[in-house]
Amino acid sequence: MLDAAVRRALADAVGAENVISDPVRLRTYECDGLTGFRQVPALVVLPRDAEAVAAAVRACHEHAVPFVARGAGTGLSGGAVPVADGVVISLQRLRRIVEIDPVDRRAVVQPGVTNLDITRAAAPYGLYYAPDPSSQQVCTIGGNVAENSGGAHCLKYGFTTNHVLALKVVLPDGSMVTLGGDTGEQLGPDLRGVFLGSEGTLGIACEITLRLLRAPETVRTLLADFPSVRAAGEVVSGIVGAGIVPAAVEMMDALAIEAAEKAVHAGYTLDTPAALVVELDGPAAECAEQFEQVKAICERHGCTRLHIASDSAERARIWKGRKAAFAAVGWISPDYIVQDGVVPRTRLAEVLDRIGEMGREAGLRVANVFHAGDGNLHPLVLFDDDAGEAERAEELSRSIAELCVELGGSLSGEHGIGTDKACSMPRMFGEVDLEVMGRLRSAFDPRQLCNPGKLLPTPRLCGERPGPYRPHPLEEAGVIERL
Amino acid sequence: MTTSKTSGRETTGPVLQPADLREAHEALAGSVGQVHVRGGGTADGWADALRPAPVTVDTTRLTGILAYNPADMTVAVRAGTPLADLQRELAGNRQRVAFDAARVRRGATVGGLIATADSGPLALAYGSLRDLVIGATLVLADGTIARTGGHVIKNVAGYDLAKVTHGSYGALGLLAEVVLRLHPVPAASVTVRLPCSLAAAAERAAELASTSLEPVAVEWYGSGVTEGHLLVRLEGTAEGTEARARAVAELLGPGAFTVRGDEADAAWREHADLVDQTGNGAEAAVLRIGCRPSRLPGVLARIDPPGTGVTAGLLTGIATVTVPAEPAGVAVAHTAVTAAGGTSVLRHHPATAELPAWGQAPSAVAVLRALKKELDPDTRLAPGRFGAWFTGNTGGEGAR
Ligand SMILES: Cc1cc2nc3c(=O)[nH]c(=O)nc-3n(C[C@H](O)[C@H](O)[C@H](O)COP(=O)(O)OP(=O)(O)OC[C@H]3O[C@@H](n4cnc5c(N)ncnc54)[C@H](O)[C@@H]3O)c2cc1C
C-alpha cells in the first residue's frame with residue numbers, strides 16, 4: 001500500500017486527473033505481452049509532458065517508492081510488469097512528434113509515439129525510420145529504446161541503438177539530462193549507448209532524437225522453398241559469403257508455414273520443410289544484379305519453388321505471412337510461448353536439429369520463424385494449458401534459450417531479459433560480470449527504485465544460488481580465458 | 001609480462017606490457033598508484049593533458065586475433081592489435097571493419113580507437129566503433145575482469161558495458177579483448193571530386209542527400225573555408241557503382257571528375273592528412289567538432305580558421321579544424337560550437353599551451369562521476385584526461 005502522502009505527492013506531480021487508483025482500471029496494467037507474469041500496481045500515473053514525468057519520478061525518489069515505466073505494454077520479457085506496492089509511469093500521453101527535419105534527416109519525438117507513426121510522419125519527405133519490429137503499429141519508441149528493439153530489416157540497417165542520436169532522460173532521482181548529441185561524435189563515454197537496451201532500469205526516456213533514412217530506390221523480394229532447413233541455411237551462408245548484405249533474410253519451417261497459411265493465406269507452400277524470404281533493396285541496377293545472384297544460389301541448393309514478388313502488393317502479402325506467424329500459431333495450438341535466442345549464423349542447422357530433438361523428448365511441437373541473417377531464432381513452443389503442459393513448455397522454452405548460449409550465442413536478440421530471463425543470466429555471464437553490471441546500474445540508480453528486480457538475477461527471484469555459469473565455447477577451446 | 005624502464009612522456013615509473021588477458025589483469029591488480037593506459041600512442045596528446053602517473057600499461061604486445069570465423073562475419077581480437085594489421089588479415093577473406101579513422105595508418109590500436117571515440121568518413125554509412133563493437137572484456141582498475149556482449153551481432157542480454165568504454169580515454173577500465181562486427185569489402189569503389197568552397201560543397205551535399213544515390217562518404221577538405229575539394233565516395237557492384245558515380249558527377253556539375261584506385265587513394269590521403277595533423281609545432285591545435293550537418297558551414301565560418309586545415313563531413317556533421325594554439329581563440333571556437341548545439345574537443349595540441357580541451361561538458365556529467373566512482377573508486381586510471389569532469393566544477397550539470 002502507498003501511504004496518503006505519496007499519493008498526494010504524485011497527484012501534485014502529474015495532476016489528480018492523471019492518476020489511476022481504481023482497482024479495476026489498475027488491472028489493465030498488471031502485465032505486458034508476456035502474460036505469465038502479473039502484478040497489479042499500487043498506482044498508475046499518466047503524465048502529459050516531460051516535466052510531469054520528472055516530477056513523478058522525484059516524488060517516487062523522495063518517498064523511496066519503486067516505479068516502472070510503461071509504453072504500449074507489448075514487451076515479451078516481462079520488462080513492464082509492475083512492482084508490488086510500486087507506481088507505473090505510463091508514457092502513453094507523451095505522443096507528440098516534436099520535429100521532422102528533412103534536411104538533417106532526423107526526427108525528435110516523445111516516447112509514447114508508436115514506431116510506425118514516425119515512418120508515417122517522415123514519409124512525405126521520402127524518409128523513414130529503419131528499425132521495424134513486427135509490433136510496430138502499437139509498440140512505442142520509448143519501449144524500443146528500452147529494449148534496443150530489432151526487426152526484419154535490422155540485418156542491413158542495424159538495431160534501435162544504431163539509429164538513436166540523443167535521449168532526454170529523467171534519471172531515477174528525477175533530474176533531467178541529455179545523453180548523446182546532434183551527431184555520432186560524442187563527448188566522453190557513450191551513456192546513450194548504455195541506456196539503449198537497459199530495459200527501463202536506468203531512467204525514463206522523455207524525448208528521443210532519431211536518424212531517418214532515405215527510402216531506397218528499389219526493393220526486391222523473393223520467397224523460396226527448400227527440401228530441408230539445412231539447405232535453406234546453406235543459402236543464407238551462400239548469400240552472405242557472396243558479399244551481399246540483404247535487407248532481410250527470414251526463415252520459416254513447415255509448422256510455422258502451416259499456421260501462417262491458416263491465418264492469412266499469404267501464398268506459402270504447405271508441407272515444404274523450409275521457406276526463405278529474401279529481400280534486397282538499394283540502387284536499382286545493383287539490386288537487380290545481386291537479385292540474380294541470390295536466385296542462382298537458391299537454385300544451387302535445391303530450391304523447389306521460387307516466387308518473386310511482382311509488385312508491392314505481392315511483397316506485402318509475403319511479409320504478411322511472415323509477420324503473422326507469431327499470432328497465427330494460435331490456429332494450430334491452444335497455447336504457445338515465443339522464445340527469442342541467438343546463435344552464430346553458421347550453427348543454425350545444428351541448433352534447429354537440437355531443438356527438434358528437445359521437442360520430441362518433451363512431447364511438444366516447436367514451430368520456427370526467425371531472422372536467419374543474424375541467427376536470431378524465435379522458436380514457438382506449442383502446448384495445451386488445459387492438458388497440464390504449461391510447465392513442460394516453459395521448461396523446454398528456457399532450455400532452448402540456454403542452448404543458444406551453449407552454442408556461442410545469446411539469451412536474447414531483441415525481446416530482452418526482463419523478469420523472464422533474469423535467472424538465466426548466470427548461464428551467459430559470470431558472477432563478476434553481473435556484479436560489474438550491477439555497479440553500472442548503481443551509478444544511475446543508487447537507491448534501486450527504477451524497475452527493480454528486472455534484467456539482473458536477484459536472490460528473491462532466483463533463489464540464493466542462481467544456475468551455474470557455463471564457460472563460453474571459446475573459453476573451453478582455450479581461445480579466450482576467464483580468470 | 002614485459003616490463004621496461006623507458007618511461008613514456010608523462011610517466012615516472014615502470015611500463016608494463018601485458019601480452020594477454022591474464023597479464024593485463026596482473027598489470028592492474030599487481031600495481032599501485034595512478035595509471036596511464038597507452039595503445040599505439042597515436043592520440044597521446046588528445047583531450048586534456050594526462051597528469052603524471054607512476055605506472056603505464058602499454059598494450060602494444062596485447063595483440064592478435066583470438067577467433068575469426070569468416071562465415072559469421074565477426075572477429076575477436078586483443079585490444080592492442082593495430083587496426084591496420086587486422087584489416088590486412090580480414091582482406092584475405094574480402095572482409096573489413098567498416099571503419100577508416102585517419103590515424104589508423106599510423107598504427108592506432110583497436111582499443112585506442114574505441115577509447116577515443118574516433119571515426120572516419122565511412123561513419124556516414126556505418127557509424128563509429130560504438131556501432132561495430134559487439135562484445136568486450138574489460139579489466140577494471142583493481143584487476144577485476146568483466147565481460148560484456150558476446151560473439152553474435154544481435155544480442156540484448158545485459159548492459160552493454162562496451163558502450164561506456166567508447167570515448168572513455170581509458171578512464172573507466174582497460175579494454176583487453178574486443179569482438180567486432182565485419183562487413184564485406186565492396187567489389188568496387190569510385191570517388192567523385194569537385195574543387196569548390198565549403199559553402200558550395202554544403203549545397204551540393206544537401207542535394208545529394210535527397211537522392212537515392214547512397215554515397216558512403218561525403219567530405220570537404222581545404223585550407224580555410226573558401227578553397228578546397230568535395231569528395232564523394234560510392235561503393236557497390238562494379239557496374240552499379242560506375243553508373244551512380246556518373247549520376248553524382250552530373251549532380252555536382254561542371255568541374256566534377258571521377259577518380260579510382262591510386263588516384264582516389266591519394267585524394268583521400270590528402271583529406272586524412274588534414275584530419276590527422278601532428279606536426280603543427282607549437283602554434284596550432286586541432287579541434288574536433290560535431291553538430292547538425294546543416295549548421296556546420298556556419299559554425300566553421302564563425303571559427304574562421306585562418307587558411308589552415310579544415311575537413312567537414314557534410315552529411316555526418318563531424319569536422320576537424322586547425323586553429324591557433326592560444327586560449328582565447330580556442331575558447332571562442334568552443335563557444336561557437338556550443339551555441340550551435342554541438343560538441344567540441346581538442347585533439348593534437350602543444351603540451352605547453354594551457355588550452356581549454358573540452359567544450360561544454362555533457363549534462364550527465366554527474367552520472368559519469370558516479371560511474372567513475374563505481375568502476376575506478378581510487379581514481380587510478382587516466383588522471384587528468386577529462387579535466388574537472390570527475391571532480392566537479394564543470395558547469396555542465398542540470399537540465400539543458
Ligand atoms: C506480436 C509482437 C511482435 C513483436 N515483434 C517484435 C520484433 O519484431 N522485434 C522486437 O525487437 N520486439 C518485438 N516485440 C516485442 C515488443 O514489441 C518490443 O520489445 C517493444 O519495443 C516494446 O515496446 P512497448 O512500447 O510495448 O514497451 P513496454 O512493453 O511497455 O515496455 C518495455 C520495457 O521498456 C520500458 N520502457 C517503456 N517506455 C520507456 C521509456 N520511455 N523510458 C524508459 N523505459 C521505458 C519498460 O519499463 C519495459 O521495461 C513484439 C511483441 C509482440 C507482442
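Since this is a predicted model, take the numbers as computed values, not measurements. Just so we're on the same page: letters track the sequence lines, and every chain starts at 1.
- Two residues are said to be in side-chain contact when any heavy atoms from C-beta on lie closer than 4.5 Å; A/Arg192 and B/Pro362 fail this criterion.
- Heavy atoms closer than 4.5 Å to chain B are found nowhere in A/Ser175, neither backbone nor side chain.
- Counting heavy atoms from C-beta on, the side chains of A/Leu187 and B/Val345 come closer than 4.5 Å.
- In this model, no donor atom of one side chain and acceptor atom of the other lie less than 3.5 Å apart for A/Tyr125 and B/Ser210.
- Residue contact with chain B, scored on non-hydrogen atoms closer than 4.5 Å, involves the backbone and the side chain of A/Arg345 alike.
- With a threshold of 4.5 angstrom between heavy atoms, A/Ser237 does not approach chain B through any atom at all.
- The only option from A/Val342, A/Asn376, A/Leu155 that meets the side-chain contact (heavy atoms from CB on, under 4.5 Å) definition with B/Ile153 turns out to be A/Leu155.
- Distance CG/A/Leu440 to CG/B/Leu172: 10.0 Å, rounded to 0.5 Å.
- How far OH of B/Tyr159 is from CG of A/Leu456: 5.0 Å, rounded to the nearest 0.5 Å.
- Across A/Glu185 and B/Ser119, no two heavy atoms sit closer than the pair OE1-OG, 4.3 Å.
- Panel note: side chain B/Arg94, backbone A/Gly243; no donor-acceptor pair is recorded below 3.5 Å.
- Of the two parts of B/Ser294, the backbone and the side chain both hold a non-hydrogen atom closer than 4.5 Å to a non-hydrogen atom of chain A.
- Between A/Glu286 and B/Arg244, at least one side-chain nitrogen of the basic residue sits less than 4.0 Å from a carboxylate oxygen of the acidic one, meeting the salt-bridge criterion.
- Taking B/Val185, B/Asn155, B/Asp160 one by one and counting their heavy-atom pairs under 4.5 Å with chain A, the maximum is reached by B/Asn155.
- Proximity to chain A is absent for every atom of B/Asn93, based on heavy atoms less than 4.5 angstrom apart.
- Neither the backbone nor the side chain of B/Tyr169 comes within less than 4.5 Å of any heavy atom in chain A.
- Contacts of B/Leu140 with chain A are made by side-chain atoms alone, with heavy-atom separations under 4.5 Å and no backbone atom involved.
- Counting heavy atoms from C-beta on, the side chains of A/Phe159 and B/Val156 never come closer than 4.5 Å.
- Only the side chain of A/Glu289 comes within contact range of chain B, with at least one heavy atom under 4.5 Å from a heavy atom of that chain.
- Residue B/Ala209 touches chain A through both its backbone and its side chain, counting heavy-atom pairs closer than 4.5 Å.
- Using a 4.5 Å cut-off between heavy atoms, A/Ala288 makes no contact with chain B at all.
- Both the backbone and the side chain of B/Thr241 come within contact range of chain A, with heavy atoms under 4.5 Å apart.
- At a 4.5 Å heavy-atom cutoff, the contact between A/Glu147 and chain B is made by backbone atoms alone.
- Here the side chains of A/Val245 and B/Pro184 are in contact, with some heavy-atom distance below 4.5 Å.
- Taking NZ from B/Lys154 and CG from A/Asp374, the interatomic distance works out to 4.5 Å, rounded to the nearest 0.5 Å.
- Rounded to the nearest 0.5 angstrom, A/Thr183 OG1 and B/Leu296 CG are separated by 9.5 Å.
- Contact of the B/His166 side chain with the A/Pro189 side chain is not registered, since no non-hydrogen atoms from C-beta on lie closer than 4.5 Å.
- With a 4.5 Å cut-off on non-hydrogen atoms, B/Ala115 does not touch chain A at all.
- Considering only heavy-atom pairs separated by less than 4.5 Å from chain B, the leading option among A/Gly416, A/Gly184, A/Gly341, A/Gly375 is A/Gly184.
- How far CZ of B/Arg130 is from CG of A/Asn162: 9.0 Å, rounded to the nearest 0.5 Å.
- Heavy-atom distances place the side chain of A/His371, and not its backbone, under 4.5 Å from chain B.
- Contacts of A/Val169 with chain B are absent, with no heavy-atom separation under 4.5 Å from either backbone or side chain.
- Looking at B/Arg292 and A/Asp101, a side-chain N of the basic residue comes within less than 4.0 Å of a carboxylate O on the acidic one, giving a salt bridge.
- Across B/Ala71 and A/Val240, no two heavy atoms sit closer than the pair O-CG1, 4.5 Å.
- Here the side chains of A/Leu191 and B/Leu368 are in contact, with some heavy-atom distance below 4.5 Å.
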